[in-house]
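Notes for the one structure printed next.
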2 protein chains.
Amino acid sequence: MTQRVKESFGSGGGSGSAGAGSGGAGSGPSGPPPAPAALAAKVRTLAPSMTRSMQRVAEAVANDPAGCAALTVTGLAELTGTSEATVVRTARLLGYPGYRDLRLALAGLAAQQQSGRAPAITTDIAVDDPIADVVAKLAYDEQQTLADTAAGLDTVQLGAAVSAAAAARRIDVYGVGASGLVAQDLTQKLLRIGLIAHAHSDPHLAVTNAVQLRAGDVAIAITHSGSTGDVIEPLRVAFEHGATTVAITGRPDGPVTQYADHILTTSTARESELRPAAMSSRTSQLLVVDCLFVGVAQRTYEMAAPALAASYEALAHRHRR
Amino acid sequence: MTQRVKESFGSGGGSGSAGAGSGGAGSGPSGPPPAPAALAAKVRTLAPSMTRSMQRVAEAVANDPAGCAALTVTGLAELTGTSEATVVRTARLLGYPGYRDLRLALAGLAAQQQSGRAPAITTDIAVDDPIADVVAKLAYDEQQTLADTAAGLDTVQLGAAVSAAAAARRIDVYGVGASGLVAQDLTQKLLRIGLIAHAHSDPHLAVTNAVQLRAGDVAIAITHSGSTGDVIEPLRVAFEHGATTVAITGRPDGPVTQYADHILTTSTARESELRPAAMSSRTSQLLVVDCLFVGVAQRTYEMAAPALAASYEALAHRHRR
DNA sequence: CACCGAGCCGAAAATATCTTTCATACGTGA
DNA sequence: TCACGTATGAAAGATATTTTCGGCTCGGTG
């Protein structure tokens, strides 16, 4: 077997020196383009990997884009009680080359909000909320999650993942816990259009199966935290065996991505006691998975069309009247 | 055991009317032109009072706000074959303190134009849609489904179901196929807050287990079509054994409801070849299930709170960087 | 036809803003 | 408690923006 190693995964125990990328504009962990309006979502997504000071900056930016857009680096640093360096660092983390570009994006966002008039019912669900409120809040929240996910999804990565999956000899999907259900959902649908797909929730079996993979196969890991060992391990094995690997995660900087050829980022909605993170992450993951599926169905249309029709027929038969 | 019979068949279902307002990032397709035209108009208005060089700059800015927003003073000066000073002068004339602010406004303008571009999301997903459109359409569609579901959900029925579940000795959930995953999702969450819940995908085992149920227990059937025999059968058994029965279905007039004490209606979005019904029904079912869960968590807060906190902690531990 | 003045224009200096570097302080785990 | 790694801000360094200033063109005038 070939021991593949992903070279771009930065600073692994190294000197931590300057990150001047090779070949010029490299920069950063994974920033194909800057983000348009997905900024609020991105802030939430990346918040966990931020330091305290950076979080303060990110929060200020997310809360008042318009106001921050009017500020210079120094101004924003003072406002948040931090230094210019921290502001720049935050901008970088959010995917921009520097503060200047973040500021530009901020101005755009402000303009959009201005014209879009965001309703923003940002209240948490309380213990004594009447049931009707619960329904409204949950629905709103999931809608928000969907919008954020769609805005933050990297279509280039998605396209690459779709291509790989459409041409794959075999597709393995790893996920445990709530993500396991998403993995099964994806698998069910892929099977339905005639592809060979398996979902693995058992870490041991997953690894055992991952060994079978080779170039041309696709392995997909689904984990919100990005650091679920039970899911990373099989992905690593698949990666090292030459399979094309995809990570669907809410932490694009987490350990999983170390072994992922393509990274699909799910959005993280703020969570609260009565609204566990699993809820919105699931919604987000499902959207990503749906996109992946539809993309694959498009690419394999010749095969998928009759298969879809057939399963549709088969189902109708079970419906008694 | 008593052979229960439901006296009024076909009652229940909610209004089912389509929801109107949705929050989300919908953004008006083409509202009144707010600010974008403002700048273009200003350019035209002030053009006569501009010198030749300034006109060149103004023209460039009006024609391609987005492109110009990406340029520095020097860049724009070169592009228009003028000097930095001229660019700044133009910016001043247009009413900004300097180029920096013009650039910010330009970025905002670009973003507005961008968002105003409705990508024709009212259309079905086609085989040759670019991947970005697929994402947008799917997200939009699922948002719509959520809005519809929330609007059509009967909160009285939901409240009744919540009460029953919160007080239940044991909760059984039936679902096959895609609905099976929803059943599992609900079960996972209920288990997490200390309730006793089981999901059954195997019809035979489901029936076998349903026999165990009695008054005070709750049985929940999840079926989009409302006529999935494999799910109706266990619900019937549970119903006849005295359990409180709940149906989560897209057809409030379908056969399942015959044995359901409480009916929770999911919405049905239009489907197409590349967008199977399973997709939107799943979204809808999950929202209902989430509402049910949160409702139950509220009612059993004393018990649920520590459980939720505990699982939160357990998860947080895996988040270490 | 030559001269003159007014205002346009751009090169370069001056300033503001952004970015990088580096030493220090803090928190964390042994 | 100590040692290590990391986060953080002050200040130096690099860019971008603004201002200054002198050349230039153009239109009018003797």
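Lettering follows sequence order; numbering is per chain, from 1. Bear in mind that the values here come from a model prediction, so they are computed numbers and not experimental data.
Residue A/Val88 places its side chain closer to C/dT20 than to any other of C/dT20, C/dG10, D/dT18. Here the side chain of A/Arg92 is nearest to one of C/dG10, C/dT20, D/dT8, namely C/dT20. Distance from the side chain of B/Arg100 is smallest for D/dT17 among the nucleotides C/dC18, C/dC8, D/dT17. Of the candidates D/dT17, C/dT20, D/dT20, the closest approach to any side-chain atom of B/Tyr99 belongs to D/dT17.
One can place CD of A/Glu84 at 18 Å from P of C/dC22, the figure rounded to the nearest angstrom. For B/Met50 and C/dG7, the CE to C1' distance is 17 Å, given to the nearest whole Å. Taking atom CZ of residue B/Arg56 and atom C1' of nucleotide C/dC8, one finds them 12 Å apart after rounding to whole Å. As a whole-Å value, the separation of B/Leu104 CG from D/dT17 C1' is 14 Å. Rounded to whole angstrom, the span from the CD atom of B/Glu78 across to the P atom of C/dA11 amounts to 10 Å.
Residue-to-nucleotide proximity on DNA chain D shows that, of B/Leu71 and B/Arg52, the 5′-proximal contact is made by B/Leu71. When each of A/Gly98 and B/Met54 is assigned the nucleotide of DNA chain C bearing its nearest heavy atom, the one mapping closer to the 5' terminus is B/Met54. Each of B/Thr86 and A/Thr72 lies near DNA chain C, and the nucleotide nearest B/Thr86 is the one positioned closer to the 5' end.
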Start with the C-alpha gap between A/Thr149 and A/Ser284, add the side-chain angles, then the distance that decides, and say whether side chain to side chain donor-acceptor pair (under 3.5 Å) holds. CA-CA 6 Å; A/Thr149 305; A/Ser284 191; 2.6 Å; yes

Could you walk me through whether B/Asp101 and B/Arg92 satisfy the salt bridge (charged side-chain N to carboxylate O under 4.0 Å, His left out) test, starting with their C-alpha distance in whole Å, then the side-chain angles of each, then the deciding distance to 0.1 Å, before giving a yes or no? CA-CA 10 Å; B/Asp101 299 77; B/Arg92 293 264 162 75; over 6 Å; no

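The main-chain N or O of B/Val73 is never found under 3.5 Å from a side-chain atom of B/Glu84 such that the two would form a donor-acceptor pair. Between the A/Asp261 side chain and the A/Thr245 main chain, a donor and an acceptor come within less than 3.5 Å of each other.
An OP1 or OP2 oxygen of D/dA7 is reached within less than 4.0 angstrom by no side-chain nitrogen or oxygen of A/Thr51. Look at B/Ser83 and you won't find any side-chain N or O under 4.0 angstrom from OP1 or OP2 of C/dC9.
Counting any heavy atom pair closer than 4.0 Å across all strands shown, A/Gly75 reaches no nucleic acid atom. Within 4.0 Å of A/Arg89, counting heavy atoms only, lies at least one base atom of the nucleic acid.
For the pair A/Lys42 and A/Asp148, the salt-bridge criterion is not met [side-chain N within less than 4.0 Å of a carboxylate O].
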